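Heads up: the structure comes next, in structure tokens.
The shown structure was predicted, so the numbers you read here are calculated from the model rather than taken from an experiment. Both ligands and their constituent atoms are indexed starting at 1 by order of listing.
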Amino acid sequence: MTTPAARIIIDRHYIAADIDPRIYGGFAEHLGKHIYTGMYEPGHATADANGFRMDVIELVRGLGMPIIRYPGGNFVSGYDWEDGVGPKGERPKRLDLAWGVTETNQFGTNEFMDWCKLVGTEPMLAVNLGTRGIDDARKLVEYCNHPGGTALSDLRKQHGYRAPHAIKTWCLGNEVDGFWQMGTKTATEYGRIAREASKLMKAVDRRIETILCGSSGRAMPTFGHWEWESLMEAYDQIDYVSLHTYYDDHGGDMAAFLAEPENMGDFIREAASVCDAVKATKKSRKTLMLSFDEWNVWFPENNLIDRSPTWPELSKRESDVYDMADVLCVGGMLLTLLENAARVRIACIAQLVNVLAPILTEPGGPAWRQTIWWPFALTSQYGRGQVLHTPVVAPVYDAKNRDAVPVIKSVTVLADTADGPALHIFMINREPSGAPVDIEIDVRGCFPCGSMVHHCIRHDVLRTENTIDAPNAITPMVTEHVVDANGEIHLRLAGWSWNLVRIGLVG
Ligand code: AHR
């Protein structure tokens, strides 16, 4: 096997963008075993008095998520939030038409708020603009955020929550252009409803920010003109536009699978272009930011609605089990978010526990880290600060879904750590034959350097998963090195590996 050479040139002064930590957000939906037996399982050995699984909370904390979206997703488009508040014994059971199960409503808005506090994260709530509309949206904001003295805010107090929840970030519906969505709309219909919903919600609490639903995916026939038409209606009233994407592994075609993070980058730049075209047309001074509030790898065979005629209370849906290959795609998608940090201010991996998530649980049993937990946790921990402009010179390959894909994907972050400034260099070796790649990192623009730590995630067998029986099959290896006196670092990046090199800067 050949070992092609690559080179990265780093100068700490070439700052591209500040990183908004909210790009390391999550997403919790009433879907599969996400909420019930994932986050909430009264009677579980680790459950607290509220029924929250503390083993799961520990693993969620390790992901360092500053924000988590809730309660959907497709689920929110048929959700009556009033069903999920107040005494649990009085909450109604409802058919969940999004996912074909019976929703017991034992976990709702207030439980989510309590859960977020325990985790140490900020909530991001979605309102139902599918089966409901602007009136319910404003009422939910009043219930959650108004201090008191009105029927809805006093109802919250009666439910045990004296202080307002102060939820700042709100999604205006979910994937409204999707034919599968309850209450699908045209772009103009949606734009008007989103505008009015946002207007009323902000009238209740002017501190909030709202996210308009972009098209549900780049491959949708609506993509582009959906954003244009809905923004022509709602531009002045909203703060972000959402993007969603899921990639599958092209039947094991690694070249194509690992090229997808580059397609994600095109998607971001295209959505930003449409936002800017509307800005120009409206002669607006406001620049919209992006919220990539659903992204992950998702296997198409699991991407189905459970149409069981029995409407079970506990979903029978299988969860995706991720392997080493998925580490590389998820890791690459995180680097794409960093590359676009100037425009993407919020992002939420979908989802958080079970279904398609970095954490798996067994009802009544353990919780463990999927393989993709690791690149997320390490990027979230070390990918904070400022993204640098770093030229990466590397051989390229052509895949069936993209040409000229560099075999190394790399982003460098200038971080402000407790030990002083540091370079955090993320590198993914996606050379399609699985060959190692020799890399030279030129850090002369950052000299003098201190110690260097290398985290590497790899495995000889690409299909290795973390399972209930082998929960640590994929974990990072950590080694320490010394930076050469001439400011050059030479590394051999193992075939199909995820890497982080941390270099302390002196001064
Ligand atoms: O994350 C799973 C589903 O994918 C969400 O409910 C929906 O918004 C998307 O289609």
- Query: Would Y246 and F299 count as a ring-ring contact (aromatic ring centres under 6.0 Å, His included) if you check the C-alpha gap in whole Å, the side-chain angles of each, and the deciding distance to 0.1 Å?
  - Reply: CA-CA 9 Å; Y246 296 98; F299 308 148; over 10 Å; no

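Shortest contact from atom 10 (O) of ligand 1 to any protein heavy atom: E175 OE1, 2.7 Å. Nearest protein neighbour of atom 9 (C) of ligand 1, counting heavy atoms only, is E294 OE1, 3.0 Å. Counting only heavy atoms of the protein, atom 1 (O) of ligand 1 lies nearest to Y246 OH, 2.7 Å. Closest to atom 6 (O) of ligand 1, if we only count protein heavy atoms, is E29 OE1, 2.6 Å. Here the protein heavy atom with the shortest distance to atom 2 (C) of ligand 1 is Q351 NE2, 3.5 Å.
Contact annotation: for W295 versus ligand 1, there are no heavy atoms closer than 4.0 Å. When non-hydrogen atoms are compared, ligand 1 lies under 4.0 Å from neither the backbone nor the side chain of F75.
Listed by number with element, the atoms of ligand 1 under 4.0 angstrom from any heavy atom of G73 are 5 (C), 6 (O), 8 (O). Remark: ligand 1 atoms within the under-4.0 Å shell around heavy atoms of N174 are 7 (C), 8 (O).
Counting only distance, with no hydrogens or angles, the side chain of D293 and the backbone of S242 share no donor-acceptor pair below 3.5 Å. At distances below 3.5 Å, at least one donor-acceptor pair connects side-chain atoms of N105 with backbone N or O atoms of P92. Remark: the backbone N or O of L129 is not paired with any side-chain donor or acceptor of Y190 at under 3.5 angstrom. Panel note: side chain W368, backbone N466; a donor-acceptor pair is recorded below 3.5 Å.
Ring planes of H455 and Y382: tilted class, angle from 30 to 60°.
At a threshold of 4.0 Å, the pair K202-D239 counts as salt-bridged, since one of the basic side-chain nitrogens sits closer than that to a carboxylate oxygen. Looking at R22 and E122, no side-chain N of the basic residue comes within less than 4.0 Å of a carboxylate O on the acidic one, giving no salt bridge.
At a 3.5 angstrom cut-off on N or O pairs, N74 counts as close to ligand 1. Close N/O approach between H244 and ligand 1 is not found [any backbone or side-chain N/O within under 3.5 Å].
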